[in-house]
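Down below is the structure, laid out as structure tokens.
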Amino acid sequence: MKIIKFMIYYITGLAGILFISASPALFREGSFFDIFNYFSELQQLVAAIFNPSEWVYVYKDRPEPLLEFLWEPYQYSMMVFVGGLLLGFVLAFLLALGTMFLPGWIKWIIGRILNILEAVPDLLLAFCLQLFIVWFYKQTDIQIVSFTALRQEKVYILPMIAIAVLPLVTMYKIILMLMDEEMTKSYVQMAKSKGLEKAVILNVHVIRNIVKSIFFHSKIILWGSLSSLLIIEYIFNMNGITSFFIEDFRPIVSAMILFMIFTPFFIIYQGTELFIFKDHKISKETSLSMNRFIGDFNINNPGGKWLKQTFATIGAHFKNRKFLIGFIVISGTVCVSVVYSITADPLVDKFYHITNEEGRLVSAAPHSPEYVFLGTDALGYSIFDQLLAGAKYTILFALVIAFLRMSIGFLFAIPYTFFLPSRIQRGVEKLVDGMHFLPMTIIAFLLLTPVLRMPPGGFTTTQTERIIYQGVILVLLAVPLIVTLLGSEMKLLMQEEYAVSAKVLGGSSLHLLRKHLLPHLSARMGIVFGQQFIQTLLIFIHLGVFNIYFGGTNLDYSPMQADPPTSTTYEWSGLIGAAKDSIMTGRWWFIIPALLCFMGIILSMQLIIQGIKEVQHKRVGVPVSNPMGWKKFFRKSKPASRQAGDPSDESFVFINSEHRSSEKAIKGVIKGK
């Protein structure tokens with residue numbers, strides 16, 4: 001029976017890939033949501049799937065057997081990706097476990113280093129790794145490892161390291177957060193009272209209880225890491241599976257490549273959940289059904305207390321220094337961008353030729369920062385002006401996408417977890433989980449390219465339509481995954497004693513959510529929100545490398561000296577896409593300012609998330625330490641005002657008469673000391 005269910009879920013996942021692969025037909029020849037073309041393309045794709053003679057890949061105008069041609073690059077990509085993923089997970093687990101035994105100030109240093117690593121876009125990280133190998137070779141004449149693939153030569157180590165960074169940082173934070181919360185449980189206090197060492201408690205009890213949460217979070221991390229595979233293969237010039245996806249854009253090729261990526265991870269994760277975790281037994285032991293939703297209505301306090309608590313919660317976050325600093329940086333950047341866009345005329349200055357006081361030409365576009373602040377692009381447009389003008393689009397759009405993903409996901413997670421029958425719930429979960437094993441960058445590239453790239457005759461859609469369409473696509477791609485993730489977390493929380501007690505005492509569903517589940521979910525939702533924000537920014541960068549810009553990409557189809565692609569909104573990914581090869585050519589100012597701006601915004605969001613986590617941990621009783629806080633750093637240690645002396649004989653008073661006989665013996669021991 002389980003095998004039949006497994007096959008049904010697998011076939012349903014393959015069917016979803018077919019629907020996605022045929023989606024470019026919706027926008028063929030300038031049309032917008034042409035349903036007739038879509039179903040016609042889908043019918044042809046299904047027919048091709050059942051006709052192996054049509055499984056061909058067109059390589060340099062020559063047809064090649066599709067599976068045979070793709071098998072070697074597929075093995076290469078999976079070896080690099082799985083190796084990097086395992087490296088990141090293992091290092092994260094060991095680092096988190098070791099961190100539990102370290103002093104607070106060392107934890108603080110490790111956390112700051114990992115935050116910086118998380119803020120570095122994978123594009124910049126890959127460039128830095130390559131440049132370091134080249135610099136080290138120039139200094140020592142020793143080439144540590146290959147830094148790019150040439151012809152038949154393959155590169156493994158550097159791509160694995162680049163892929164491992166995101167799983168390492170994200171999984172480390174999640175494991176550490178789960179361990180901190182688990183260490184506050186009553187069974188841990190009992191184990192400590194029995195004299196068990198911390199290492200035994202962690203290894204025997206804590207790790208066992210957080211395995212499921214780690215497993216559920218790892219699917220989101222896997223999903224984000226798969227999105228980086230396309231860009232890593234591009235930067236290191238790897239002839240991997242995703243590079244062949246770009247060269248042949250036909251639906252049959254897209255479907256086969258997605259099938260090959262989807263299958264191994266589906267087998268590992270779905271097989272683990274279906275045959276090892278056995279969630280159906282847990283659901284029988286713990287009832288997840290809720291009581292009445294709202295409960296008794298109190299007319300004496302019509303919402304006043306809720307409003308007061310809401311403002312108190314918001315105020316508590318703004319009292320946190322980390323939250324406040326991150327909020328000021330992000331909101332300040334947006335405000336400056338909006339004011340600049342309203343007052344600047346022209347919006348972006350253009351410097352084609354620069355002359356000195358004598359009228360002699362000293363620089364032609366592109367200009368370096370020596371002549372123009374932060375330099376100009378190849379067409380002479382100021383990079384600083386473009387950064388100011390595009391900041392509002394980049395930041396606000398990423399925030400809106402992350403917020404909609406979390407809010408919609410949370411609202412749907414409530415009925416999904418508590419009101420759907422368990423059998424339907426498990427079916428929906430297994431079907432949705434298949435999306436974890438599809439690279440979001442490739443899916444976004446498939447769905448957005450026909451709309452955002454300007455056709456030869458010009459755009460047939462308005463910029464507002466393109467922005468709304470892009471937003472809807474990026475939200476819908478993540479909402480089902482957020483629903484299942486939050487649903488899984490809610491199920492685990494509903495098995496806790498406080499949740500069961502609240503239900504037994506007759507607490508309504510709304511009371512249980514607001515008073516018990518939300519305080520514990522808030523910190524985890526904050527981390528997931530940060531992940532979604534950072535992932536949206538990374539998607540912008542990835543799409544920008546392939547000239548897919550937010551709001552649309554202007555293309556010049558002139559046969560002679562065509563201008564490079566440009567963004568219609570000056571958002572930051574447009575700068576990155578137009579300058580992806582600039583570091584290797586020495587024009588670092590093309591791309592470094594935009595990447596540093598991305599890093600600054602990501603670091604600010606990390607401060608916000610850290611502040612949210614600290615505030616929420618205080619609410620649920622998890623100890624929050626700040627060993628490197630400014631107050632502690634500058635606080636002077638005060639000497640003890642007085643020292644305790646030796647106890648006198650009168651300090652010991654025995655109330656019961658039977659203890660008086662031992663009074664002299666105890667006094668003798670004291671005098672002997």
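One-based numbering along the sequence shown. Below, each value reflects all heavy atoms present in this structure, side chains not excepted, and no hydrogens, waters or symmetry copies.
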Parallel, tilted or perpendicular, as decided by the 30° and 60° cut-offs, for the rings of F318 and F323
perpendicular

Taking every heavy atom of N239 against every heavy atom of P73, the minimum-distance pair comes out as O-CB, 3.2 Å

All heavy atoms of L452 vs all of Y549, minimum pair found to be CD1-O, 3.5 Å

Next item on the list: Begin with the C-alpha distance, continue with both residues' side-chain angles, and end with the deciding distance and a verdict on side-chain contact (heavy atoms from CB on, under 4.5 Å) for M454 and T553.
Entry: CA-CA 6 Å; M454 187 180 74; T553 305; 6.0 Å; no

When rounded to the nearest 0.5 Å, the distance separating CE of M406 from CG of L411 is 10.5 Å

CD1 (I267) and CZ (F262) are apart, to the nearest 0.5 Å, by 9.0 Å

Without swapping roles, check the side chain of S337 against the backbone of T333 for a donor-acceptor pair under 3.5 Å.
no

Query raised in the report: Quick one: are I541 and L537 in side-chain contact, heavy atoms under 4.5 Å?
Result: no

Scanning both residues in full, the closest heavy-atom pair of L399 with M605 reads CD2-CE, 3.6 Å

- Query: Does S254 reach the main-chain N or O of S21 with its side chain, forming a donor-acceptor pair under 3.5 Å?
  - Reply: no

Does the plane of the ring in F445 sit parallel, tilted or perpendicular to the ring in F546? Use 30° and 60° as the thresholds.
perpendicular

Could you tell me whether a side-chain N or O of Y416 sits under 3.5 Å from a main-chain N or O of G487, the two making a donor and an acceptor?
no

Has the side chain of S77 got a donor or acceptor atom that lies under 3.5 Å from a matching backbone atom of I241?
yes

Would a distance-only check, ignoring hydrogens and angles, find a side-chain to backbone donor-acceptor pair under 3.5 Å from T394 to W572? yes

Quick one, V82 with F265, criterion side-chain contact (heavy atoms from CB on, under 4.5 Å). Give me CA distance, side-chain angles, the key distance, then yes/no.
CA-CA 10 Å; V82 174; F265 298 110; 4.2 Å; yes

Correct closest heavy-atom pair for V451 and R466 would be O-CD, 3.6 Å

- Mind running ring pair (Phe, Tyr, Trp, His ring centres under 6.0 Å) on Y76 and Y156 for me, showing each step along the way? CA-CA 9 Å; Y76 182 28; Y156 291 95; 5.3 Å; yes

- prompt: Between R405 and L477, is there a donor-acceptor pair closer than 3.5 Å when you use the side chain of the first and the backbone of the second?
  reply: no

**Q.** Side-chain touch Y10/T263, heavy atoms, less than 4.5 angstrom
**A.** yes

Nearest heavy-atom approach of L85 to P167 is CD1-CG, 3.7 Å

Quick one, F397 with F540, criterion ring pair (Phe, Tyr, Trp, His ring centres under 6.0 Å). Give me CA distance, side-chain angles, the key distance, then yes/no.
CA-CA 10 Å; F397 193 71; F540 285 170; 5.7 Å; yes

field: Under 3.5 Å: donor-acceptor pair, side chain of K392, backbone of A389
entry: yes

Taking every heavy atom of A22 against every heavy atom of Y38, the minimum-distance pair comes out as O-CD1, 3.4 Å

One should read off an interatomic distance between I157 CD1 and M160 CE, to the nearest 0.5 angstrom, of 8.0 Å

* Under 4.5 Å between any side-chain heavy atoms of P593 and F384, yes or no? -> no

* When you look at L447 and Y469, which way does the side-chain contact (heavy atoms from CB on, under 4.5 Å) test go after all the steps? -> CA-CA 10 Å; L447 299 176; Y469 172 76; 4.1 Å; yes

Rounded to the nearest 0.5 angstrom, the CG-CG distance for L596 and L374 is 9.5 Å

